[in-house]
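What follows is one structure encoded as structure tokens, with my remarks underneath.
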2 protein chains.
Amino acid sequence: MVTPYRVKQLQMREEAILDVAHVLLGKYGYDAMTMDDVAAEVGIAKASLYKHFESKEKLAAKTMVRLFDRTVSELAAQKAPTAYEKLRDMLEWALRERLKGGIPHLPSTSSTLEQSLMTDEPYLASLFTLNAALSQLVDQAKGEGAIAKELPTDYIVTAIYARTCDPTLEYMQRGKTYSDDEIVRFMVNGFFGGIVRAQ
Amino acid sequence: MVTPYRVKQLQMREEAILDVAHVLLGKYGYDAMTMDDVAAEVGIAKASLYKHFESKEKLAAKTMVRLFDRTVSELAAQKAPTAYEKLRDMLEWALRERLKGGIPHLPSTSSTLEQSLMTDEPYLASLFTLNAALSQLVDQAKGEGAIAKELPTDYIVTAIYARTCDPTLEYMQRGKTYSDDEIVRFMVNGFFGGIVRAQ
DNA sequence: GTCTATAGTCTGATAGAC
DNA sequence: GTCTATCAGACTATAGAC
């Protein structure tokens, strides 16, 4: 018989580590985040950190996997009637997560991380699942006549990911001129409707 | 009488350093670019590098200043009749520069760099000039009725900058599925017209 | 060549589960 | 009381600014 207490403790600690990594990656980015930071913030020794994740890269990869899995769940939970509205709601959700300090969906801030992710199986699998779900929604929205067929689906999917690491978000937030709601509105409307004419 | 030869040599070397920094910053980003890389690529000793630029941050700042100044010149040279078309042409130019390996207009890939730039006077001055020119064009385009008045000018200006560091560009380019012309078209049309309906 | 930062390792002490 | 996980922190190795 196993001791579920120990196991549960370990799981909780792993969650805590991932929570901290999520915040710190969002705040500082991969390169500027140190493993000492993470350990200190969680309140554990660095050696314990390495009991859970064999490297900084694996920790970041796992954090991304959790984000992708959450995003897939979020997509599945969408109640909007059309694919177009689901996409809008999904982007709005992602932007609000980002405003709260979450990590972007693309590891665009670090080419070193990006390279190591490209060989991380769980990461690729999770990304693939999310990609499939998003591509399907975009194609559906095209079928509804809501989205321009001239733009390829893979371009649109990539562009949606890219919105979550769009520095416009931080610049607007830093400016303190606009509320979070306004920022999200500008970005969602700007992305779907463009900047030409009235919305 | 001064010795113009020596001076000219120095200026040429400084230009060469900035050219190399421009390419390497575009290729690897600030954090991943090393001063050893730069010195090696220019073909000079690292110590010589520090004769021209007292720090990596100053080198990056000067590279950005040169980019901003070039962008202002590019704006001034625009022949298009309307402000709206000038903005489109300017974005297209910036994206093509980026595709050729140039640096983005926002230092969004490195928060450490960003912080040091915020205290760099020449950088701020150059940025301010470019900002003023772009803001004026955007307001003009709003006056022409070409751009949605619902979106604040500072949001649009920031969003234009952000297009030049949009990772969508690299992802599309890496995919090899589309030509540079197609990628630029997707991004310019996507930005101005949005992704809704036909272009 | 020097110095700092940081990923990753190792050790001896300690606390708590059983 | 024993044992195992965890702790604090010293330590190594390396990279890179200067």
Side-chain angles (χ1 to χ4, degrees), chain A residues 1-25 27-64 107 109-117 119-120 123, chain B residues 10 13-14 16-18 20-25 27-64 103 107 109-117 119-120 123:
Chain A
M1 188 58 192
V2 289
T3 61
Y5 171 74
R6 286 269 173 82
V7 175
K8 212 170 177 182
Q9 285 290 79
L10 280 180
Q11 284 172 346
M12 280 180 58
R13 196 168 64 171
E14 191 150 317
E15 277 298 304
I17 295 169
L18 288 171
D19 288 343
V20 167
H22 185 93
V23 171
L24 294 185
L25 284 173
K27 204 168 169 183
Y28 303 119
Y30 178 76
D31 291 314
M33 178 189 81
T34 72
M35 293 297 264
D36 291 80
D37 285 345
V38 177
E41 187 70 25
V42 179
I44 60 173
K46 196 159 56 149
S48 306
L49 204 52
Y50 282 91
K51 287 270 178 215
H52 292 270
F53 303 97
E54 68 187 25
S55 70
K56 188 183 179 184
E57 286 167 352
K58 289 283 179 192
L59 170 57
K62 190 70 205 291
T63 311
M64 294 297 291
T109 41
S110 169
S111 52
T112 56
L113 173 62
E114 211 179 328
Q115 291 209 317
S116 89
L117 289 179
T119 61
D120 188 279
Y123 172 84
Chain B
L10 279 180
R13 195 167 64 171
E14 191 149 317
I17 295 169
L18 287 171
V20 166
H22 185 93
V23 171
L24 294 185
L25 285 172
K27 204 166 167 183
Y28 304 120
Y30 179 76
D31 291 314
M33 179 189 80
T34 72
M35 294 297 264
D36 293 78
D37 286 345
V38 177
E41 188 71 24
V42 179
I44 60 175
K46 212 167 21 160
S48 308
L49 203 52
Y50 281 92
K51 286 277 178 208
H52 291 270
F53 302 97
E54 67 188 25
S55 69
K56 186 183 179 184
E57 286 167 351
K58 288 283 178 191
L59 171 57
K62 190 70 206 292
T63 312
M64 295 297 290
I103 40 178
T109 40
S110 169
S111 52
T112 57
L113 173 61
E114 211 179 329
Q115 291 209 315
S116 89
L117 289 178
T119 61
D120 188 279
Y123 172 84

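Below, each value reflects all heavy atoms present in this structure, side chains not excepted, and no hydrogens, waters or symmetry copies. Chain naming here is simple, since letters A, B, ... match the order of the sequence lines and numbering starts at 1 in each.
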Indicate whether OP1 or OP2 belonging to D/dT6 is found under 4.0 Å from a side-chain N or O atom of A/R13.
yes
For a quick test of reading the model: is some side-chain N or O of A/S48 closer than 4.0 Å to OP1 or OP2 of D/dC7?
yes
Decide yes or no, distance alone: a donor-acceptor N/O pair under 3.5 angstrom between the base of D/dG16 and the side-chain of B/K56.
no
Can you check the [X] [atom1] to [N] [atom2] distance for me, whole Å?
X	N	atom1	atom2	value
B/L24	D/dG16	CG	P	13 Å
A/D36	C/dT6	CG	C1'	7 Å
A/E57	C/dA7	CD	C1'	10 Å
A/M33	C/dT6	CE	P	12 Å
B/L59	D/dG16	CG	P	16 Å
B/M35	C/dA5	CE	C1'	18 Å
B/L113	D/dA17	CG	P	13 Å
B/Y28	D/dG16	OH	P	12 Å

Looking at OG1 of A/T112 and CD of A/E114, how far apart are the two atoms once the value is rounded to the nearest 0.5 Å?
9.0 Å
Describe the nucleic acid contact of [X] in one word from base, sugar-phosphate, nothing, applying a heavy-atom distance below 4.0 Å.
X	answer
A/K46	base
A/A47	base
B/L49	nothing

In terms of heavy-atom contacts, B/T63 and B/A21 come closest through OG1-CB, 3.7 Å
Tell me, yes or no, whether the heavy-atom count around A/K56 atom NZ, taken from other residues, nucleotides or ligands under 6.0 Å, exceeds 12.
yes
Taking it one step at a time, do B/Y30 and B/I103 satisfy side-chain contact (heavy atoms from CB on, under 4.5 Å)?
CA-CA 10 Å; B/Y30 179 76; B/I103 40 178; over 6 Å; no
Please compare A/A45 and B/Y30 by the position of their nearest nucleotide in DNA chain D and report the one closer to 5'.
A/A45
Could you go through A/K62 and A/H52, starting from their C-alpha distance and side-chain angles, then the distance that decides it, and tell me whether this counts as side-chain contact (heavy atoms from CB on, under 4.5 Å)?
CA-CA 11 Å; A/K62 190 70 205 291; A/H52 292 270; over 6 Å; no
